[in-house]
J.: 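Before I ask anything, let me first share the structure, which is written out below as structure tokens.
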Amino acid sequence: MACHLLLTDFTLPLKSPKLSHSRQQRKGRSNGSRKVSTTVAYYGLKTPPYNLDGLEPYMSKRALEVHWGVRHRGFVEDLNRQLRKSDILYGYTMDELVKTTFNNGNPLPEFNNVAEAWNHDFFWESMQPGGGDMPKLGLLGQIEKDFGSFTNFREKFVETALSLFGSGWVWLVLKRQDKRLAVVKTSNSINPIVWEGIPILNLDMWEHAYYLDYKNDKAKYVSMFMNHLVSWNAATVRLACAEAFVNLGEPKILIA
Amino acid sequence: MAVRSLATRKTLTLGLNSTRLTQSRALQTFSLPDLPYDYGALEPAISGEIMQLHHQKHHQTYITNYNKALEQLHEAIQKGDSSTVVKLQSAIKFNGGGHINHSIFWNNLSPIREGGGEPPKGSLGWAIDTNFGSLETLIQKISAEGAAVQGSGWVWLGLDKELKKLVVETTANQDPLVTKGAHVVPLLGIDVWEHAYYLQYKNARPDYLKNIWKVINWNYASGVYEKESA
């Protein structure tokens, strides 16, 4: 369960279906009723918590217009279109839908759309204007504990991002069983929540994420992300939420 | 002193001999093949900017990393370091595959005034009609499968030499077509990695796939087909 700090886009019209098009909500319910009001669920496209030019010059407005406005929007719209065809998958939160459609490694057709929608929501919030710099206090302490030092963590994150073959994402994730932070890379649209990891940060390493601004210079993109975009604020809140589910040990209480 | 210089000379010759020995088993290094046309020659189907980046940066990087991986593999084999040998396989598959695939790709494209886009004639044209009904049907199929590739990969028209038929396949990342079957020979490959089209077509991969047919070099594909089906 991730803590999403989100602004839902309520500008998307919630369409109500024509009454003549009735559907069974659950198996076994008779379709004898004349007026069946059906419930339709739609996912909305959430806007990033900053203006589209807010990440300039490290991520251009143009890049965000295409990446968020066209590609991310496309995933949400395609997902809604898929869900319209069948109501078996109604009623899930996005997290639940990602895990369900992942189907233990044999993903259903909806998986790609919902996972990419999730990944991109998480990504916009993993960045902020004036980001970068270093985490503080508890999060820094946990990073130092699990990686040795912030520098080690940063090296590992960058190395993992640059060694991805093909399309994918790189994550800072809290591993539940191991009770520690780790850097992982995933291919295409895979997301650590499918194996019960708790994501803390992610970085989109698909070429579309950096090509408009950096062409093939992946290293510069990753470096700019670490130096100027990454939101340690978001990461801190996420880790704090995660600690409700994962016991990371006694907190260090500072005595004045 | 004389003894020492003798020894030095001996080790020198020994050293030289061993260098000669390793040189005779020397590693071939790969280099970037030239494009048979200018970067801008495929416009407007594919922009000159993309062609230049694709060739000089992406393909070159695959070659550089392929050479590096092969050198490391060579060392590991000589040392009998099996875990390194196995560990290097994915880097070799990825970078070597990238080199193989792109080398084919440059030949699969041709400027319009040099025959790009002209439909295949001869035995390949006939084989396409037999296997798929028509060239249009084949083009639809390849475009649809290319558009459906999730993430990065390639879409291919291949000749299955064993079954003696044409096949349309997709491969992920830089996997070469041979990973789909030892007897499958690539005739035509289309790169659907985002770097192949993003600067020009942004998200619209189907538009890229629609336009690329204007510069597909069917002559090359025909040549390979005739040679491999002989």
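Computed from a predicted structure; not experimentally measured. Numbered from 1 within each chain, the chains take letters A, B, ... in sequence-line order.
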J.: Taking the ring centre of each residue, are B/Tyr198 and A/Tyr211 less than 6.0 Å apart?
T.: no
J.: Can you measure from CG (A/Asp217) to NZ (B/Lys57) and round to the nearest 0.5 angstrom?
T.: 8.0 Å
J.: What distance do B/Glu194 atom CD and A/Tyr210 atom OH have between them, rounded to the nearest 0.5 Å?
T.: 8.5 Å
J.: So which residues of residues 157-179 of chain B are in contact with chain A at a heavy-atom cut-off of under 4.5 Å?
T.: B/Asn173
J.: Would you mind reporting whether A/Arg62 and B/Lys202 have side-chain heavy atoms less than 4.5 Å apart?
T.: yes
J.: Working to the nearest 0.5 angstrom, can you tell me the gap between A/Arg71 CZ and B/Asn203 CG?
T.: 5.0 Å
J.: When you look at CD of A/Glu96, are more than 12 heavy atoms from neighbouring residues, nucleotides or ligands closer to it than 6.0 Å?
T.: yes
J.: More than 12 foreign heavy atoms under 6.0 Å from CD of B/Glu228: is that the case here?
T.: yes
J.: Could you grab the distance from atom OG of B/Ser152 to atom CZ of A/Phe165, nearest 0.5 Å is fine?
T.: 12.5 Å
J.: Which heavy atom of B/Gln150 sits nearest to which heavy atom of A/Asn188, and what is that distance?
T.: O-ND2, 3.2 Å
J.: To the nearest 0.5 Å, what is the distance between CG on B/Leu199 and NE2 on A/His208?
T.: 13.5 Å
J.: Tell me whether the count of non-hydrogen atoms from other residues, nucleotides or ligands lying under 6.0 Å of NZ in B/Lys180 goes above 12.
T.: yes
J.: So how far is it from A/Asn216 CG to B/Gln60 CD, rounded to the nearest 0.5 Å?
T.: 11.5 Å
